[in-house]
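These notes are about the structure you will find just below.
Just so we're on the same page: letters track the sequence lines, and every chain starts at 1.
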2 protein chains.
Amino acid sequence: MAATLGSLAGLIGYALRRAQLAVFDETIRSVADLDLRLAQVSVLAVVGHRPGLKQTEVAAALGIQRANFVALIDSLEERGLARRAPDPSDRRRHALHLTAEGERVLAEATARVAAVEARLAAKLGPHGREELLAMLWRLARD
Amino acid sequence: MAATLGSLAGLIGYALRRAQLAVFDETIRSVADLDLRLAQVSVLAVVGHRPGLKQTEVAAALGIQRANFVALIDSLEERGLARRAPDPSDRRRHALHLTAEGERVLAEATARVAAVEARLAAKLGPHGREELLAMLWRLARD
DNA sequence: TATTGTTATACTCTATAACTATA
DNA sequence: TATAGTTATAGAGTATAACAATA
């Protein structure tokens, strides 16, 4: 395959895509039996880390448009994992929180993902993981 | 944003996704006025590098399902950038080639993408690019 | 007037099954 | 029987515009 890819194999953009797809494939499988998509896991992680944020703030942190975020929290709320709390100071806002069940599911999902990450780190050698993260975020923040 | 992402910021998988989206955003814009999507550019690159490959081989190299590959070459053929050539030894097969116009468009797209890649490499320091590519392909190949 | 959440919608990307023609 | 290409289709993910309620 490498031989047939030609110049693509030397492109950061293309290598990023292939690596991301491969890693997501493994990560998606790791939480599949929890019936969670990665977007749902990411919302649980942010809300669990910073409870009380409003929808727009969580969506912006994750790079998700607020219009598309609605169905995402709907799904988590319907499953009893998160809830929208009314904000007394501004009745337009919905502050987001995890339920006790949401905390449990997040803990389980986090453990599964951590196991995948450990396997990835093992492929990268001693300081590979930290170096990779530093480079990736340098590319991601404009 | 980093502060609100919590544990996500330390995940290789999540950082890969954010970096890939940011890089693709810039790359997509760089070829937008050629009216080319990145999937089309990747097909032009592979066929230009290895003319005569059959559809299934190109699709496999790019990780695209052969069913989804049909519309992709259709679009390139309709624009006169690529052509399906009958294979005399096996009439089921279509060998893929670029037209002269396809070669020209590929050259232009390659130059645009190379300019983006140069900006990315500049962000990563002296040996950053090579180190990053090595790590990404280590993750992508299983 | 501006913002928050929402609905509706359209478009791309991807995955799967089934068909045809050839081998 | 198996393979190459194809068609049809359904599910995600994403982007945009417009609306109601509230500020």
Side-chain angles (χ1 to χ4, degrees), chain A residues 13-14 16-18 20-29 31-32 35-43 47 52-78 82-97, chain B residues 13-14 16-18 20-29 31-32 35-43 47 52-78 82-97:
Chain A
Y14 190 72
L16 274 173
R17 174 174 156 81
R18 296 300 292 257
Q20 191 251 305
L21 288 175
V23 169
F24 264 43
D25 227 65
E26 193 172 346
T27 312
I28 287 168
R29 277 200 306 273
V31 297
D35 196 24
L36 286 176
R37 281 174 282 167
L38 296 190
Q40 294 176 309
V41 175
S42 70
V43 173
V47 176
L53 288 183
K54 57 180 178 170
Q55 291 188 193
T56 301
E57 292 168 332
V58 176
L62 290 169
I64 300 172
Q65 311 238 0
R66 73 191 198 283
N68 296 326
F69 195 74
V70 175
L72 238 178
I73 335 169
D74 281 350
S75 72
L76 296 175
E77 205 169 26
E78 284 159 16
R83 59 189 172 81
R84 291 167 162 102
D87 180 332
S89 77
D90 185 340
R91 287 155 58 210
R92 291 173 303 183
R93 297 185 180 177
H94 296 169
L96 300 180
H97 299 270
Chain B
Y14 190 72
L16 273 174
R17 174 175 154 81
R18 297 299 294 256
Q20 190 251 304
L21 288 176
V23 168
F24 264 43
D25 227 66
E26 193 172 348
T27 312
I28 287 168
R29 276 201 305 274
V31 297
D35 195 25
L36 286 175
R37 280 175 280 172
L38 297 190
Q40 294 175 308
V41 175
S42 70
V43 174
V47 176
L53 289 182
K54 56 179 178 172
Q55 292 189 192
T56 301
E57 292 168 333
V58 175
L62 290 170
I64 300 172
Q65 311 237 1
R66 73 192 198 282
N68 296 326
F69 196 73
V70 175
L72 239 179
I73 335 169
D74 280 350
S75 72
L76 295 175
E77 205 168 28
E78 283 159 15
R83 60 190 171 80
R84 292 168 162 102
D87 180 332
S89 77
D90 184 340
R91 287 153 59 209
R92 292 173 303 184
R93 296 185 180 179
H94 296 170
L96 300 180
H97 298 269

Q. For D:dA4, does either OP1 or OP2 sit under 4.0 Å from a side-chain N or O belonging to B:R84?
A. no

Q: For the helix from C:dT1-D:dA23 to C:dA23-D:dT1, measure the angle between the helix axis at one end and the axis at the other, each built from five pairs, rounding to 10°.
A: 10°

Q: Just jot down the side chain to side chain donor-acceptor pair (under 3.5 Å) partners of A:R83, sequence neighbours excluded, or say none.
A: none

Q. What are the residues of residues 63-74 of chain B, sorted by number, that bring a heavy atom to within less than 4.0 Å of DNA chain C?
A. B:Q65, B:A67, B:N68

**Q.** Summary of salt bridge (charged side-chain N to carboxylate O under 4.0 Å, His left out) pairs that have at least one residue in residues 52-70 of chain B, sequence neighbours excluded
**A.** none

**Q.** Contacts of type salt bridge (Lys or Arg N to Asp or Glu O under 4.0 Å), residue B:R92, not counting sequence neighbours
**A.** B:D90

**Q.** Boundaries of the DNA chain C segment in contact with chain B, non-hydrogen, under 4.0 Å
**A.** C:dT12 to C:dA23

Q) Listed by chain and number, what are the side chain to side chain donor-acceptor pair (under 3.5 Å) partners of B:D35, not counting sequence neighbours? A) none

Q: State which residues pass side chain to side chain donor-acceptor pair (under 3.5 Å) with A:T56; sequence neighbours excluded, sorted by chain then number.
A: none

Q.
Using whole Å, what does the distance between atom C1' of nucleotide D:dG5 and atom CG of B:D87 come to?
A. 13 Å

Q. What residues, two or more places apart in sequence or in another chain, satisfy side chain to side chain donor-acceptor pair (under 3.5 Å) together with A:R91?
A. none

**Q.** Shortest non-hydrogen contact between A:A61 and B:R18, atoms and distance
**A.** O-NH1, 3.1 Å

Q. In whole angstroms, how far is the P atom of D:dT14 from the CZ atom of B:F24?
A. 13 Å

(Q) Could you work out, with salt bridge (Lys or Arg N to Asp or Glu O under 4.0 Å) as the rule, every residue matching A:R84, not counting sequence neighbours? (A) A:D74, A:E77

**Q.** Those residues that, when tested against B:I28, pass side chain to side chain contact (heavy atoms under 4.5 Å, CB included) (two or more places apart)
**A.** B:F24, B:L38

